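What you see is a predicted model; the values in this text were computed from it and never measured.
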Amino acid sequence: MKVAVYGASGYTGRLVTAEARRRGLDVVVSGRDESRLREVAEGAEVRVAGVDDAPALARAFEGCDVVVGCAGPFSEVGDPVVRAAIAAGAHYVDTSAEQLFLRHVFDTYAERAEQAGVSVVPAVGFDILPGDMIAHLAGAEVEPLDELTIAYQTNDFDMTRGTIRSSLQVLLDGDLAYEDGQWRPAEGLAVKRTSFTFPGQSEERPTARWPGAEIVTVPRHVRARRVEIITDAAVFTPEMISLMQLPTDQWDAVIGQLPEGPSEERRPVAEFTIVAEAIGVDGRRATGVVRATDIYGSAAVFTVEAARRLAAGEAKAGVLSPAQAFDSAAFLDCLAPYGVEWSVVAGEKVNAS
């Protein structure tokens, strides 16, 4: 099983490469900087290709079963990698979490992927795959839904430079809302849930709308009138707020002075909790929860597991969300050895008399 990791020399790319190697996969490291790629290759084949060189990208992915995209921001550099993977007849996954990029992939490549007989499953990292899957499992308990809320909470989460750049780009691009069975710009629409009680807490926490890519994926497999994604407002750190207030042409200079990502000591302590709260049109409620530690390490595990399953032929051809591509319960169950816990509880009707 041969897997090409594009952007293998980046922070997340290195983790994905190491996880793929640990699982005994035949890894090809790819990207634009040969010297940096050779630093992480450890005997793996190196194939140099920039996103502006379509023939080189096509050659880089020749003979690979799966391409893993780890180079972002995906709205800037992701499209050529998807296109080249399909042209090479390789399945594709990535670590993106950008709404507009994800919507572009669904709108642009569904037919091409089907014709090529390959599966394209973007957004299999920490902040989409578990949210997409737990929303599917909770929603299935009480469909059709009046509303579905996906809530994120993170603790001790030190973002990489790439995550910061992508997050700022998403906020700059504007986000989508899903209401009354259709997507629309979120600008001007009030967030319904301004606070949320996360598992294990007795008090509600202030929350804010988060431009999560589940807005693009979940309505494709969960029948819901309304989908909303929120995050613990603490994710908007003073540093992030300061960056958002700067002119965009100053972002790179400021971000470039930050650490590339969390240290080996800091990375494992980062915790995440993702809650999917589904309310059926009949008032029934179901709540799903996914919890784990080591956000970036978990993202690498999710990504490599998804790539392995695609290479094994588990998904149909086309552009798919994680929950469309894989059996959600089985996928989450297989992550238990990595500290991932999940549950779904169906409760009584909301406001039942």
Spell out, as yes or no, whether a donor-acceptor pair under 3.5 Å connects the side chain of [X] to the backbone of [Y].
X	Y	result
Gln324	Ser321	yes
Tyr296	Thr160	yes
Arg285	Glu277	no
Arg225	Val281	no
Arg284	Glu141	yes
Arg47	Tyr6	no
Thr207	Ser195	yes

Does the gap between the ring centers of Tyr152 and Phe198 come in under 6.0 Å?
no
Sub-4.5 Å side-chain heavy-atom contact between His221 and Ser328:
no
Heavy atoms, side chains only, cut-off 4.5 Å: are Val81 and Phe61 in contact?
yes
Single-linkage hydrophobic cluster, 4.5 Å side-chain cutoff, [X] and [Y] together:
X	Y	result
Val275	Leu137	no
Val28	Val68	no
Phe157	Ile230	no

What class does the angle between the rings of Phe101 and Phe74 fall in, given that below 30° is parallel, 30 to 60° is tilted and above 60° is perpendicular?
tilted
Once side chain to side chain contact (heavy atoms under 4.5 Å, CB included) is applied, do any residues pair with Ala123, and if so which ones, sequence neighbours excluded?
Ser96, Leu102, Ile128
Any carboxylate oxygen within less than 4.0 angstrom of a Lys/Arg side-chain nitrogen, looking at Glu19 and Arg22?
yes
